[in-house]
Amino acid sequence: MVVTFWVLALAAVVFGFGVFRLNSMAQVTFSLLASFLAVAGLVLLLGLGYLGVVIVLMMVIEMVIMAIFMIMYMMNPAGLMPMAMYHNKPGAMTISVGTFVLLATGILLVDWPQRTGAPAPDPTFALGRALMGEQMLTMMTLGITLFATIVATVVLSTGRGRYDRLGDDLDARSADDPLGGGVGR
Amino acid sequence: MLSLIVFLPAAVAVVLAPLPARLPGHVFVGAWIAAALADLALIVTAWVRLPAAGVGPGGFAFEVRLPWIPSVGISYHLGVDGLSLPLLAMTAVLFLACGVFALRETRRVKPFVLFFLALQTVSLGLFAALDLILFFLFFDLSIVFMYFVIAGWGHAERARSAALKFFLYTFLGSLALLLGFILLFLAATPHTFDIVELAAANPLAAGGPYAALTLLAIGVGLAVKTPTVPFHTWLPPAHTEAPATGSAILAGVLLKMGTYGFVRIAMPLLPTSWRQYALVVLVVGAVSVVYGALVALAQANLKRMVAYTSINHMGYVLVGIGAAGLVAAGDAQARTLATTGALVQMVSHGLITGALFLLAGVLYDRGRTYELDSYSGLAARTPRFAALFAVAAFASLGLPGFSGFIAEFQIFTGSLPAAPIPVAIAVTGILVTAALFLVALQRLFLGPLRLPDAPGTPRAFTDLRAAELVAIAPLLALATLIGLAPRFLLELVEPAAAAVNTLVAR
Amino acid sequence: MTIELFLLAAAGLFAIGLYGALSQQSIVMLMMGLELMLNGVILAAAAFWYFLAPAGTEGQVLIVVVVTAMAVEMAAGFAVATAIYRARQVDMTDGAADLKG
Amino acid sequence: MEMMNEDPGALIPELALLGAAVLGLLAGSWLPRRRQWLIAALAGLAFVAGIVATALAYTRPAETVFGSYAIDPTTNATRLIVLVATLLAVGASVDAARGQRRETEYWVLLLLGALGSVLMAGATDLLLLFAAFLLASIPLYALVGWSATSTGTEGAMKYYLSGAFAGVTMITGVTLLNAAGRGTAYVPLRENLTAAAAGGRSMPALAAVGLVAVLAGLAFKAGAVPAQFWVPDVSDGAPAPVAGIVTTIPKIGALVAVYRLLTQAIPEHAIDWPLIVAILAAASMSLGNLAAFLQTSVQRLLGYSAISQVGYVLMAAAVAARTPQAGPALLLYLAAYAITNLGAFAVAAAVTTPEGPARTVNDYRGLARRRPVLAGALVVCLLGLVGTPPTAVFLGKLAVFTAAVDGGMAWLTVLAIVNTVASLFYYLRWIAPLFTTPAPTAGPSENHGLRRRWASGVAVVAALTTLIIGVGAQALLGLLTTVP
Amino acid sequence: MLLWWLIGVPLLVGVVLALTGRRVDPLAAALGVGVSVVVLVLAVAAVLIRPVTDTTLFAGVRAGFAVDGLSAVLVVTVAVVLVAVLVFAAGEPDLRTGRFAGLMLVFAAAMLATVTATGLAPLLMAWEVMGAASWALIGYHYRDPAAVRGAHTAFLTTRTADLGLYLAAGAALAGGVGSLRLDTLPTATAGWRELLVAGVVVAALGKSAQLPFSFWLSGAMRGPSPVSALLHSATMVAAGAYLLLRLNPLLGSVGWAGPLVAWIGAATALGMGLAAVAQRDLKQLLAASTCAQIGYMILAAGVGGTGAGVLQLVAHAATKSLLFLAAGAWLTALGTKQLGGLAGSARRFPLLGAVFTVGALSLAGIPPLSLWVAKDTVLAATLAAPAPSAVALYVVGLAGAAVAAVYSVMALWFVWRPAPPAPQPQALDELEQEPTGEVPALTGPPLVVLAVGAAGLGVLPLLGHGLLRPEPAPQWWELVVSAAVAVSTAAWGWRAAIRLPEPGLLHRWWDLERAARLLVVRPVRRLAEELARFDDRVLDRGVDATARATVGVARLLDRRGETAVDGIVRGVADGARALGRWARRPQTGQLHQYYAQASVGFVVLAVLTVVVIVVS
């Protein structure tokens, strides 16, 4: 247990650090993924099996998407050229180290209370009850947020809308797309 | 009735607003004059009917009280008594005079008239208001409308910055006032903004630092508007840059809002603290008197000079009401005299200084400058102007036979028992004012004739036109009437002053 | 294996993420920093749940919410990056600094 | 597990917004470009329905639905304010959005953003609060970038990145509060924190850090210091109606959420939150006002003004636990501010120059002569923002100042007074050119651009409303004073 | 009612005339004389009926007017001199204006009100109006800067002294005399009474041009001669004496007041007499002499000799107005009032010469003319007074009489001196105005009437009763002594007239005006200018200075160098601008800097909160 903890914790931090130290986009992305996976491992270690798995799945997908975006937008997709994309490094370092020192001080100084109660026999089941119970509205709101996110991302990221494709009255015979495919009529 | 008096000008403004601005200016000014006349008639009616209204001392006539925001103790509460009615009348007269004077205004007449009608409503409303928030409403709006008048119709670009200074400074004062009102509101149980209720409840009778702070906030707020030294620096530029009618209203009416606030709010609502700090008020007044007079003496610009005399004259008011708070020192008669004098001074200053500023406007109209050195010997060229100016000057320096004397004599005699030394120093103010007005008269009117020959002076230097005469002469006539037969005014003011003093003395 | 150690690890992730958010020019890299901060939050939430109040479910729900938020923010971030790239062919925050003062 | 009130009937206003958003998006996909205004009508209908439903439910006793959402007078008041404000925003946006290719999405995003703002106000659980925070943020990022202009997109980027950072901070705070208070729902949180405070200083300190972090997120939504940086850039970069929306709608929900969080979840004796909030208030009002001084871009000016106005509202929040007047004061101020601010932005949306929308104060030269009614509306709105009676904001200021003094924060009131005077200066910088003659180079400006009737109309309506509220405040105050 | 008519008629007609402008000029002289006759009739009626009115002025303060013994004398005196002067003025072409007649009437009304007032408040009102009217009359020739300056000096000096009356009114109120009635003033409580008396005395001394205020009368001589005749001999200057005579009981109630007043009167009588000797301008001589003669009235008031004072007042009024009018007539005719230039004038205009002689001899105290009697009555009262320095006062008074004889006779010598054979043309340069070369016929009758008065009023004590028969009457030896002194010094003066010295100090009226300017006027002006500068620079710029400091700090902060703050709006605005610039600096447009600042902000806030918790 303890060994696992140390390994995973160090891995999470080291890979996390690697995100801003590595030169290649691919390496960066996978370093981040590794950090996430380590954290997922730690979560599993704490007995939250379901959540650990969810994190693993979510992050793998997310990092893949991120990698694609990296390749789309960034100047150095494969680490062929060294990157210099920093600004205000000393300031950032000061602030982040300071924050860490403060947090660590707090963590060490706080008089952590005793554990009260024990985990439910099946934490996942308890989670499910909570999500369907007192946190239902939260989940519904998150659902609406996802809906909103879809609309928002479409608005922000697409350059051409339905009127561009199908004419102002949406009555074009075929969609006017620069490239073929899509859901044309 | 009071609501009608207060809102008649605003109603006229609303009617005028949709008319096209292309109509001749006389249409708008005419409507304004008509409104002012009607308002004056209503106020005179109220004055005549006041005895019949059967109001005891400390009571209010023609009271209107409607709930406005009852949950926080704000009501639409109007009423008049001997303190406010003379000021209402003075306001109406002054606006009428300005209306007549404005007949020659040619620049953007419609908005000009609208702003003055609005100003008239807020001025009248302020003097009739019996609710702190209502008072504040009118207090603040007067600043807003006056800002537009100065900025819009003042002299050139400097007017904008003078107006801005005026707005910022007096607005700061008004907010200090609001803070004081809030402190009063919170002190009273139940919380209320009603002046009459607050006066009756006397929530801060115990005095103490809270009450002192309240008085400080209210005092500073009103002192800025009055203005007293050292809060006066907005006044000279504002006057210098404002149009003549604007100056007349600013000095004649708006300054009174500060001093009226003292007698209507600070004295009756904070009697304990007022008594405690009355000497401070008195000394500030005395300093304003002497300081204002001396600085005015050194001015070379006619309007600045008159502006500083306003500081001097408002200082007398503070001396009078300060003395009224020194209960231990003076007897009741003296304090009544002092307060009465202060109130009469408000009316008197409105009439006289209004006339002086209008006359200054005439001078500017002809010569395009207020510099005294640019003129000489005008008496020969413009005898009527010279005569009216001389009369106004003598009235302003407190010559008996004019209202100023009636006010100042009462203030001096009434205050001297309370605080001999500051008052004795303040008395010298009338000497300095005499000197400065004599100097001004001499520079402008006496000696050999000389006119400014700046490029901006196209027209012949003519004597007063009929409209100007009709606007200014009645103001001075009224000042003379009060000076010679003051009883009609004093019968009204004295009981009210005594009532205020009773409230202060409790 | 104490709560302090878990939290220190979480704080470390948080601080590294913060460093990234502060120092990265590229929008996507910056978002990675934010992700890393959230990563720390997940770890902390789990630790809090386990060591302080395992009986409750708030800690778990919290992790669900964080994960969802990550997804949502990521999606929005990519959309914004696309939009700004489309509008001015930049993907650096420094390149979009016309609005200031 | 106890029985929970899951009455969807209590959520009609929220459901109306959601329904309109979903329906609108679907319908919009089949509407011809010129007919998309129907979605605006649908949105308007939803707002009106929400207002009616709220009004009908106003007298219902306070209740909590789904265990995490309070329906009490505060929520109802917030609903009304948000719905009315958004309705005005719809009106102000019509000219700009009409016939655009993404018009449908504009209205949908607006609906969702408003929904998020309302949910924030009613949330009594930190998790719901955070979820609502996300909902109130995401659609607005898209709205800012909706026009796809260079500045609009930059604004969207800054808005998004600020929001993402604030979101991280906020969820961190939620985690910490959850740790310290062993719960995320307000009621147990308060109980546990009270109990923990008796046991030592560790847990209050932890909770305090958490609270500051949560407030950071809310400060971002409200545009308060030190998360205010996006406000001027976004209001400058986005089209005027959008700028009006982002500086108004989320602010309402966020500030009510601050109020609710502080009064319901955090015991004052455990954490000295009045101090934090007072500092935020003081910093916001001072910084916003000072930075607005030399602005010549009107939207940027209004952006800074929005920062300073948050400061005044936070005054009420700072004394929320000390005086019963704080709650009504906060709501009154928000209501007044929302309408007045939208009015000012509506004027900015309505005035055009030959080159396009009027952006600097110099573009407003001579407006008083050209369009006197619009100029009048602007003067009323700007003086309203200053707090000149008889406008609504004056009453708001009066209430806030009173509450602050009553709550023992007279120093804050004095600071606010000084700030108010300072703010007058820059508002006058905008007002003064209205009455000057236009520069001789400017041609006849009557004939250019669109006749932005809707925006003008909204400006006038907002100006009139602010005056009506100012004069007839009792009606509004009656709605708000029932707030505990 | 009669009293209201008495005061109201001249006042109203005067105001109307003064304000109507040039349209009434042709009628003005006649109207003025007519009204003055009406006033005389009313005055006589008032003396016979002795009316009393009383009304409320302010809260508890009464405004009453009444004609009693003292005021009866004064009312008639004023009315008579007014008629005489206006008739005389009707002969002067440039005085035949509405303004002149109107102002004279206003002045007369004020004087009548002053002498009939029974309360301090109405007295003060009339008193001040009198001063203002005198300003307007002295400055009648407003194009003459010297006249205007003289008017200013006169008004401001008398108003300075008038402040005493304001203080006196306050003191009376404080002392418990709420009604401010003159007859109740002595009942004021002790401390306040002293202030009351001091105020009244200062006011009276100022109005009466006593030491140290005498100088204003010199400047006032630039006014038209009829003005000098009415204001600066018979009425206004006498008002101060009247006030002290009227308030004799009050003076008596304060121990130091009587002797002080008496000594000032005596000192003025001698000092200004000496100044008169040094004058070579006839009007200046007469003015200084007026101060000296009024000194006797003041002396009388100081020693309690009311009747004596009144007698002196009346006799002096007739005498001095006669002399002034004569001097004025010469000035009109010959264009000069310099004694040197008046040589032969008495011979050229015999009537003028005759009446002038009567007046001058009366002034010299030559028996049996009126001032001889009057002065002796005053001196008798002095001797009879219980004051310890009675003898000293008597001696000084007698010395004053001797000096009076010298200057009177000196003036006589000059006017009777034979004229130079032919007037030099170049002398025209020295003339003060265009000579008309003739004396209008209208000037005759009033001069004769006044001459009769100057000669004969000395018989009043024989005919009169009450006030006009003052007790104690002078002893026979006193009369003889004074007659001897007068005659002998007069004889000496006649011989020495041409050789009499004109020491500069005396010629300049003891340099009183210079002293006043040096000690009062200049410091006040300096103060005013300094304050004005202070007002502009310090008070107004106080905020400005803070602003500049802030700008300095801002510059220090900003290495790149902000442009200087352009001061369109001064003061607060400048400071606010600087702060505004400073406040905008965080808004760099760079997102990472936003992040950094926000992070620091939150961290600081969180630390602060925790510290508060830990510390508390």
Side-chain angles (χ1 to χ4, degrees), chain B residues 17-18 21 66-76 108 110-111 114 122 132-141 143-144 147-148 151-153 157 160-161 163-165 167-187 191 193 210 213-214 217 221, chain D residues 323 325 328-329 332 368-369 372-373 375-376 379-380 383 386-391 394-395 397-407 410 413-414 416-425 427-429 431-437 469-482:
Chain B
L66 300 169
W68 181 10
I69 314 177
S71 55
V72 285
I74 301 175
S75 57
Y76 171 79
R108 290 172 287 146
K110 179 187 158 189
L114 292 187
V122 297
L132 290 176
I133 294 302
L134 197 60
F135 182 93
F136 181 82
L137 165 80
F138 292 128
F139 193 90
D140 228 24
L141 284 181
I143 300 174
V144 173
Y147 166 80
F148 285 119
W153 286 267
E157 203 62 21
R160 207 85 54 72
S161 75
L164 185 63
K165 188 173 191 174
F167 202 154
L168 290 175
Y169 210 142
T170 50
F171 197 74
L172 178 65
S174 81
L175 288 175
L177 191 64
L178 182 64
L179 179 62
F181 289 174
I182 290 174
L183 289 167
L184 265 176
F185 166 78
L186 290 173
H191 294 340
F193 281 109
Y210 184 94
L213 271 179
T214 311
Chain D
T323 167
Q325 296 163 5
L332 179 59
R369 188 168 300 181
V373 177
V379 170
V380 169
L383 288 178
V386 177
T388 310
T391 57
F394 164 68
L395 289 171
K397 273 204 168 135
L398 178 67
V400 166
F401 289 0
T402 308
V405 172
D406 200 28
T413 311
V414 172
I417 283 176
V418 173
N419 263 297
T420 305
V421 175
S423 73
L424 183 58
F425 176 73
Y427 291 123
L428 285 182
R429 272 173 62 97
I431 292 178
L434 301 179
F435 298 91
T436 55
T437 44
I469 293 178
V471 174
Q474 184 55 38
L476 181 59
L477 215 61
L479 291 178
L480 304 182
T481 39
T482 48

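Letters A, B, ... mirror the listed sequences (proteins, then strands); counts begin at 1. Basis for what follows: all heavy atoms, side chains included, without hydrogens, waters or symmetry-related copies.
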Any side-chain heavy atom of [X] sitting closer than 4.5 Å to one from [Y]?
X: B/L141; Y: D/P390; value: yes
X: B/F185; Y: D/D406; value: no
X: D/F401; Y: B/L179; value: no
X: B/R160; Y: D/L428; value: no
X: D/I431; Y: B/F148; value: yes

On a heavy-atom basis, the closest approach of B/L164 and D/F425 is CD2-CE1, 3.4 Å

Taking every non-hydrogen atom, the tightest pair across D/G387 and B/D140: O-OD2, 4.2 Å

Of B/P70, B/A17, B/A176, the largest count of non-hydrogen pairs under 4.5 angstrom with chain D goes to B/P70

Name the option with the most non-hydrogen atom pairs under 4.5 Å to chain D; the candidates are B/F181, B/Y76, B/Y147. B/Y147

Separation between CD1 (B/I182) and OG1 (D/T413), nearest 0.5 Å, reads 6.5 Å

Kindly compute the distance separating CG (B/L175) from NZ (D/K397), expressed to the nearest 0.5 Å. 7.5 Å

Could you walk me through whether B/F171 and D/V386 pass the side-chain contact (heavy atoms from CB on, under 4.5 Å) check? CA-CA 10 Å; B/F171 197 74; D/V386 177; 3.3 Å; yes

With a 4.5 angstrom heavy-atom cut-off, could you sort out which part of [X] is near chain D: side chain, backbone, both or neither?
X: B/L186; result: side chain
X: B/L137; result: both
X: B/I74; result: side chain
X: B/L213; result: neither
X: B/F136; result: both

Proximity breakdown for D/T388 and chain B, heavy-atom pairs closer than 4.5 Å: both

Can you tell which of D/T420, D/L383, D/V379, D/L398 has the highest number of heavy-atom pairs within less than 4.5 Å of chain B? D/L398

Take B/F167 and D/V421 through the side-chain contact (heavy atoms from CB on, under 4.5 Å) test and state the conclusion after the steps. CA-CA 9 Å; B/F167 202 154; D/V421 175; over 6 Å; no

